[in-house]
Structure formats: structure tokens, C-alpha cells
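None of these values were measured; they are calculated from a predicted model. When a residue number appears, it is its place in the shown sequence, counting from 1. Atoms within each ligand, like the ligands themselves, are counted from 1 in listed order.
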Amino acid sequence: MNKVHTIAVIGLGLIGGSILKSLQNKGFYLIGISRSDETVKKTLELNLADKCSKNIEDIKEADIIFICTPISKVIDIIDKVKEITKPDCIISDVASLKSFIIEHINNNDKPINFIGGHPMAGTENKGIDYAIDDLFVEAKWVLTPSKWSNSQQINKLKKIIESLGAKVLITDPKEHDKAVALISHMPLLLSQALFGFVNNYPDDNIKKLALSLASSGFRDMTRLVMTNTELVKDMILGNKINIEESLNGLKDYVNYLTNYINQDQEKFLELSEELCLERKNLYSPEGKNIFT
Ligand code: NAP
């Protein structure tokens with residue numbers, strides 16, 4: 001297996017910047033590509049890459065490329081880089097949606113060395129200023145191979161991702177999009193609904209009192225409202241069918257719980273205990289997902 005010497009990251013925001021930070025001092029030649037002069041300047045000032053520019057042609061020597069732009073730009077960038085890269089270069093991405101990208105790759109008439117990716121780590125912030133050097137430690141990182149991917153390429157990419165501290169999970173892209181609707185995109189919409197409902201509550205006195213009392217519970221439940229708006233647009237609009245299906249299931253589950261509140265309170269408390277225990281088992285005390 002050829003050694004990975006050069007890694008390029010395209011789109012140096014929260015995730016791209018965090019990948020560069022996590023790849024420091026691991027012996028790779030690092031190339032950064034971004035859209036704005038300001039981000040290129042910051043990347044060089046912070047010494048995060050050996051070379052950084054706005055010129056996509058600079059990735060041509062890369063062995064592995066991570067595309068970390070907003071979701072809506074990924075396909076355009078793949079179509080550009082596939083014309084420039086070395087034949088054995090592996091192209092990956094970090095986009096929060098996978099099906100439409102893999103479909104595009106699979107429908108290409110010539111092979112593209114593309115393996116979809118999605119690190120299950122992030123924050124509500126955007127831009128390189130918020131990049132975090134240990135963002136991926138103990139995080140799950142989904143890979144969705146395309147019909148052109150082979151096991152040698154998958155293993156090569158997997159090793160690099162594991163060197164960032166992440167745990168790789170290989171899934172089908174459609175299943176990925178359904179799963180992230182449940183645990184990421186629907187919660188974003190619910191977070192918006194909760195905040196919007198309270199913030200627009202018709203009784204102004206109660207609304208003001210509620211907002212002035214809002215503490216850690218409300219803060220945790222509404223953090224996602226602050227997600228960067230481009231990401232909100234791409235995730236919610238791009239995954240709306242799966243989100244709608246998830247919401248319908250959730251409504252049924254809320255009814256299931258509330259029926260017990262009205263009809264069998266003992267059963268409701270039993271269910272509450274069970275949920276409490278299972279939720280405690282999902283994350284480590286440091287907040288990392290430990291579900292296997
Ligand atoms: P972000 O902080 O806004 O970063 C996106 C970066 O892409 C920007 O800094 C921008 O660079 C750059 N960019 C935009 N168009 C470009 C182009 N045409 N060519 C080169 N660079 C371009 O967003 P992010 O949160 O890192 O999200 C990036 C990707 O990560 C998305 O696909 C998202 O689905 C995925 N993701 C996000 C999270 C999360 O929690 N945020 C988690 C997992 C995956 P300039 O600064 O130069 O303008």
C-alpha cells in the first residue's frame with residue numbers, strides 16, 4: 001500500500017480547520033485550500049498547513065483530499081478535483097448528508113476514487129477561528145464507500161481518520177441519512193421549534209418570566225438553534241423527507257408517553273426510569289458516545 005505523504009483539505013472552516021489542527025506533527029505534508037484571502041492568511045499565520053491558497057490546482061500532488069466546504073458545494077468541488085488529482089488519490093468529504101453525493105459519484109461514467117465521510121463531531125460555530133485540535137478524539141466517523149471504492153482505499157483512509165482519534169463506522173448512505181435525521185436534523189428543528197414557541201409566547205408577562213428563568217435545561221435543549229445558517233439550510237432542506245418521517249414517529253411516541261401520564265402513571269414513571277438509565281449508558285462522563 002502506498003504511503004500517505006500529502007493530505008489536502010478544501011474548505012477551512014470549523015471542520016476543515018479542525019482536521020488540519022488534528023493532523024499537525026504526524027509527518028504529513030499539509031495543503032489547505034479555502035475561498036477567502038482572510039482564511040488563507042489565518043491558516044498560514046497559525047502554521048496549520050505547509051501550503052495554503054485559494055487555488056484548487058494546488059491539490060494535484062495530494063494522496064488524500066478532504067472536502068470540507070458547505071454541503072451544497074461538495075459535488076462541484078469533486079467534479080473539479082477529479083480532473084486534477086493523481087490517479088490513486090483518495091477523495092473524501094465530511095458533508096452531513098451522503099446519499100445525493102454517492103449517487104452523483106456512482107452515476108459517473110468513469111471511476112472516481114471517492115469515499116464519502118461524515119465526522120460525528122462539531123459545534124454550532126463556523127469558521128477557522130473555532131477549529132479545535134481534539135474535536136475528533138473518540139468521535140464516530142462514518143464512511144460511505146461508492147461503487148468504485150475498494151478495500152485497500154477504504155483501509156488507507158480509515159487509518160488516517162483513526163490517527164485523528166476517531167472511530168470509523170462504514171454504512172450505507174441512505175441509512176446514514178435516515179439515522180442523522182433522527183439524531184441531528186430533527187433535533188435541530190425541534191430546538192428551533194422549542195425556542196421559537198417560547199420566544200413568541202402570546203402572554204408577554206409569562207414569556208418574559210420564562211426567558212428570565214431559563215437555565216441549563218433550556219440552554220441545552222436550544223443550543224442547536226445557533227447552528228450556522230448555511231448548514232441549517234443544507235441539512236434541513238436536503239434531508240426533509242427523512243426529517244418528516246422522523247417527526248411523524250416522534251409525534252406517535254409523544255402520544256404514547258402522554259397517554260400513560262393520563263391513564264397509568266405508574267407505568268409512566270417506570271418508563272421514565274428506563275429512559276433515564278439508557279440515556280446514561282449512551283455517553284461517557286466526558287460526553288463521548290460509547291454506544292456499540
Ligand atoms: P464552516 O465553518 O462554515 O466552514 C466552511 C468553509 O468552507 C468556510 O470556511 C469557507 O471558507 C469554505 N468554502 C466555502 N465555499 C468554498 C469553496 N467553493 N471553495 C473552498 N472553500 C470554500 O462550516 P463547517 O461547519 O466546517 O461545515 C463544513 C462541512 O462540514 C459541511 O459539509 C458540514 O455538513 C460538515 N459538518 C459540519 C459539522 C458541524 O457541526 N459544523 C459536523 C460534521 C460535519 P472561507 O472561510 O475561506 O470563506
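Nearest protein heavy-atom neighbour of atom 34 (O) of ligand 1: Ser96 OG, 2.6 Å. The protein heavy-atom contact nearest to atom 35 (C) of ligand 1 is Val94 O, 3.3 Å. Ranking the protein heavy atoms by distance from atom 43 (C) of ligand 1 puts Pro119 O, 3.3 Å first. Counting only heavy atoms of the protein, atom 33 (C) of ligand 1 lies nearest to Leu231 CD1, 3.4 Å. At the shortest separation from atom 6 (C) of ligand 1 among protein heavy atoms lies Gly13 N, 3.8 Å. Looking only at protein heavy atoms, the nearest one to atom 23 (O) of ligand 1 is Asn228 ND2, 3.8 Å.
Each of the atoms 42 (C), 43 (C) of ligand 1 lies under 4.0 Å from some heavy atom of Ala121. Within the listing of ligand 1, atoms 43 (C), 44 (C) sit less than 4.0 angstrom from a heavy atom of His118. Close contacts between ligand 1 and Thr39 involve ligand atoms 45 (P), 46 (O), 47 (O) [criterion: under 4.0 Å to a heavy atom].
Residue-to-ligand polar distances keep Ile33 apart from ligand 1: every N/O pair is separated by 3.5 Å or more.
For the residues Met235, Lys54, Lys73, Lys126, the heavy atom positioned nearest atom 3 (O) of ligand 1 is part of Lys126. Comparing Leu135, Asp234, Ile15, Thr69 by heavy-atom distance to atom 29 (C) of ligand 1, the nearest is Thr69.
Residues satisfying the ring-ring contact (aromatic ring centres under 6.0 Å, His included) test with Tyr201, not counting sequence neighbours, are Phe197. Here Lys158 pairs with Glu162 under the side-chain hydrogen bond (donor to acceptor under 3.5 Å, both in side chains) rule; sequence neighbours left out.
Test Ile64, Ile154, Ile65 against Ile90 for side-chain contact (heavy atoms from CB on, under 4.5 Å) and you get one pass: Ile64.
Side-chain contact of Ser36 with Glu38: a donor-acceptor pair under 3.5 Å is absent, judged by distance alone.
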